[in-house]
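Down below is the structure, laid out as structure tokens.
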Amino acid sequence: MLATSRAVENNAYEVALENFDLAANALELDNNVRVMIKYPERILAVSVPVRMDDGKVVRFEGYRVQHSTMRGPAKGGIRFHPNVTVDEVKALATWMTWKCAVVNIPYGVGKGVVTCNPKAMSMGELERLTRRYATSILPLIGPERDIPAPDVYTTPQIMAWIMDTFSMNKGYPVHGVVTGKPICLGGSLGRNEATGRGVFYTTSSSCQHLGIPMQGARVAVQGFGNAGSIAAMLFHQAGAKVVGVSDTKGCIFNAKGLDIPAVIRFKERTGSVVRFPESEKVTPEELLAMECEILVPAALENAITEANANTIRARIVAEAANGPVTPEADRILEKKGVFLIPDVLCNAGGVTVSYFEWVQDVNHLFWDENDVNLRLEKVMTRAFNDVLKRHVDRKANMRLAANMLGVNRVAEACKLRGLYP
């Protein structure tokens, strides 16, 4: 996502808390339960000194936040990013709590980050950084305690280094300590495509609900990373026209529809979608304001704010990223009649297949890719229908309906475990 389009003035954690309060108020949730489930259970801050290739030692800051272990072991990605803050990690962990509950998988939630710029680091520097960070958070992680996964700028290779670091301290291989691993180390088929596939499944369900044919539907994708590019490919294969995409270097547009397989190959070769043949350059603001049936914000948080929400002309906004729409923008989009698929539902495919991977690791029994995808489609479709029912029955917008579903499931676990006075 381009830095110019990010509204840094919106604190992600404050947004997460506001969304919780809206759901808790709608549920008339007991104050004792609110106190138990609203805030992170623990926050670990670590210093990560790394010897760089030039011999100099540079200190990075890292965090692991466990928001909730109410419904099971903590689960959540590790992000390597130069601009991340502890409030952002707390927000990501909070959102993930409701996300796991919405798709009804037995996880609590954790989230981790290291403030670094991985694009400016060699593989050796990244490995040393990863292993040092993994060693620092060893007291928190483990297959029964907290299972990290990939997030922004982290990869299966980084997960392999974490697994190896943990395993060396145990004295034997522990495959289930992380998910998103390479296949040969206990990874799951279908995990790499899972987030984008979940976006596609929930958007397809939304199109059916609204009576929008997928064939010929215009799609704009902001953020052409893992989730955005895979979702774009699935829309393309389903007959939709992906008219615009963007990455950190710029945005491209073609009213007749982009050749998405060719765009993916072009980015792999050049490092960006910019200057793709048979496309024209557009601004980030123009991409978000494109007239289309489906807009997929798949970059970072705060992409659509009070400042630009009125420019949105999509019929469906599918939140492939975490927190891309602020509460103020939510209210504007609702008034405009935009159907929003909230992040805690839309991008839950990744954590769902991470759960599948963990189950396979624990049981030492692995599934084929078609089985993984069928299970994912079943979970995502069921979760969409659960949220849609609350949306219709309670006359609540989709974000409120999803947060109510997630918060209620965590609250029920809290009550049944007798963890509040």
Using atom types as modelled and distance alone, determine if a side-chain donor or acceptor of Thr97 lies under 3.5 Å from a backbone N or O of Ala93.
-> yes

Donor-acceptor side-chain pairing of Asn403 and Arg390 below 3.5 angstrom | no

Flag this pair as yes if the NZ/CZ of Lys38 is under 6.0 angstrom from the six-membered ring centre of Phe20 and inside a 45 degree cone about the axis; otherwise no.
-> no

Looking only at non-hydrogen atoms, find the nearest pair between Gly108 and Cys100 and report the distance.
-> O-SG, 4.3 Å

Taking only Lys NZ, Arg NE, NH1 and NH2, and the carboxylate oxygens of Asp or Glu, determine whether Glu88 and Arg79 approach each other closer than 4.0 Å.
-> yes

Any idea which heavy atoms bring Arg218 and Cys292 closest together, and the distance?
-> O-CB, 3.4 Å

Any side-chain heavy atom of Phe384 sitting closer than 4.5 Å to one from Met398?
-> yes

Return each pair, listed once, that meets ring-ring contact (aromatic ring centres under 6.0 Å, His included) where at least one residue sits in residues 162-202; pairs must be two or more places apart or across chains.
-> Phe200-Phe235

Does any non-hydrogen side-chain atom of Leu376 lie less than 4.5 Å from one of Arg197?
-> yes

What's the verdict on side chain to side chain contact (heavy atoms under 4.5 Å, CB included) for Tyr133 and Phe60, showing C-alpha distance, side-chain angles and the deciding distance?
-> CA-CA 9 Å; Tyr133 172 69; Phe60 300 92; over 6 Å; no

Does the side chain of Asn254 pick up a donor-acceptor pair with the side chain of Lys241 at under 3.5 Å?
-> no

Are Arg128 and Asp53 close enough that some pair of their side-chain heavy atoms sits under 4.5 Å apart?
-> yes

Does any non-hydrogen side-chain atom of Val177 lie less than 4.5 Å from one of Ile147?
-> no

Salt bridge present between Glu193 and Arg191 (N-O < 4.0 angstrom) | no

Give a yes-or-no answer on whether the side chains of Thr195 and Asn347 include a donor-acceptor pair shorter than 3.5 Å.
-> no

Donor-acceptor side-chain pairing of Asp87 and Asn11 below 3.5 angstrom = yes

Does atom CD of Glu278 have more than 12 heavy-atom neighbours, drawn from other residues, nucleotides or ligands, at distances under 6.0 Å?
-> no

Are the side chain of Asn363 and the backbone of Leu365 linked by a donor-acceptor contact shorter than 3.5 Å?
-> no

Donor-acceptor contact below 3.5 Å, side chain Glu286 vs main chain Thr283 | yes

Please step through salt bridge (Lys or Arg N to Asp or Glu O under 4.0 Å) for the pair Glu293 and Arg315, ending with a clear verdict.
-> CA-CA 5 Å; Glu293 280 67 51; Arg315 293 184 64 185; 5.7 Å; no

Side chain to side chain contact (heavy atoms under 4.5 Å, CB included) between Asn322 and Lys99, worked out | CA-CA 10 Å; Asn322 290 309; Lys99 184 184 301 184; 3.1 Å; yes

Do the side chain of Glu125 and the main chain of Ser122 share a donor and acceptor less than 3.5 angstrom apart?
-> yes

When the ring planes of His391 and Phe339 are compared, do they come out parallel, tilted or perpendicular, using 30° and 60° as the limits?
-> perpendicular

Among side-chain atoms of Gln360 and Ser188, is any donor-acceptor pair under 3.5 angstrom?
-> yes

With rounding to the nearest 0.5 Å, note down the distance linking CD1 in Ile341 to OG1 in Thr203.
-> 3.5 Å

Indicate yes or no: at least one non-hydrogen side-chain atom of Leu258 is less than 4.5 angstrom from one of Ser279.
-> yes

Kindly check if the number of other-residue, nucleotide or ligand heavy atoms within 6.0 Å of CZ (Arg275) is above 12?
-> no

If we only count heavy atoms from C-beta on, is the Gln222 to Ser246 side-chain gap below 4.5 Å?
-> yes

Kindly say whether Ile78 contributes a backbone atom to a donor-acceptor pair with the side chain of Thr154 at under 3.5 angstrom?
-> yes

With a 4.0 Å cut-off, would you call Glu357 and Lys75 a salt bridge?
-> no

Carboxylate-amine/guanidinium proximity below 4.0 Å for Glu319 and Arg399 | yes

Residues Arg64, Asp146: salt bridge by 4.0 Å N-O rule | yes

Steps toward side chain to side chain contact (heavy atoms under 4.5 Å, CB included) verdict (Met121, Met52) = CA-CA 9 Å; Met121 300 174 72; Met52 310 303 280; 4.2 Å; yes

Does any non-hydrogen side-chain atom of Val102 lie less than 4.5 Å from one of Val387?
-> yes

Ala101 versus Gly406, closest heavy-atom pair with distance = CB-O, 3.4 Å

Work out which heavy atom in Pro40 is nearest to a heavy atom in Ile43; give both atom names and the distance.
-> CB-CG1, 4.2 Å

Distance-only side-chain donor-acceptor flag, Glu285 / Thr311, under 3.5 Å | no

Nearest 0.5 Å, what's the CD-SG distance between Glu61 and Cys116?
-> 11.5 Å

Lys181 versus Pro156, closest heavy-atom pair with distance = C-CB, 4.1 Å

Who are the ring pair (Phe, Tyr, Trp, His ring centres under 6.0 Å) partners of Phe253, not counting sequence neighbours?
-> none

Working to the nearest 0.5 Å, report the span between CD1 of Ile264 and CD1 of Ile260.
-> 6.5 Å

Pairs where residues 265-285 contributes a residue and the test ring-ring contact (aromatic ring centres under 6.0 Å, His included) is met, not counting sequence neighbours | Phe266-Phe276

How many angstroms lie between CZ in Arg71 and SG in Cys414, if you round to the nearest 0.5 Å?
-> 12.5 Å

The reported gap from CZ in Phe80 to OG1 in Thr155 (rounded to nearest 0.5 angstrom) is 8.5 Å

Flag the pair Val84 / Val89 as yes when at least one side-chain heavy-atom distance between them is below 4.5 Å, and no otherwise.
-> yes

Under a 4.0 Å N-O cut-off, is there an ion pair linking Arg265 with Asp259?
-> no

Would you please test Asp386 and Arg409 for salt bridge (Lys or Arg N to Asp or Glu O under 4.0 Å) and show each step?
-> CA-CA 12 Å; Asp386 287 346; Arg409 283 176 172 166; 3.3 Å; yes

Residue among Trp98, Tyr39, Tyr13 satisfying ring pair (Phe, Tyr, Trp, His ring centres under 6.0 Å) with His67 | Trp98

Closest non-hydrogen contact found for Met404 with Ala26 is SD-CB, 3.7 Å

Test Asn19 against Trp95 for side chain to side chain contact (heavy atoms under 4.5 Å, CB included), laying out the working first.
-> CA-CA 9 Å; Asn19 285 329; Trp95 285 321; 4.3 Å; yes

Test item: side-chain donor near acceptor, Asp247 and Ser272, under 3.5 Å | yes

Please indicate whether Arg331 has more than 12 foreign heavy atoms, meaning atoms of other residues, nucleotides or ligands, lying under 6.0 Å from its CZ.
-> yes

So, does Asn308 use its side chain to make a donor-acceptor pair with the main chain of Thr305 at under 3.5 Å?
-> yes

Taking Trp358 for its side chain and Pro143 for its backbone only, find out whether a donor-acceptor pair lies under 3.5 Å.
-> yes

dist Asp151:CG -> Leu92:CG (nearest 0.5 Å) comes out at 6.5 Å

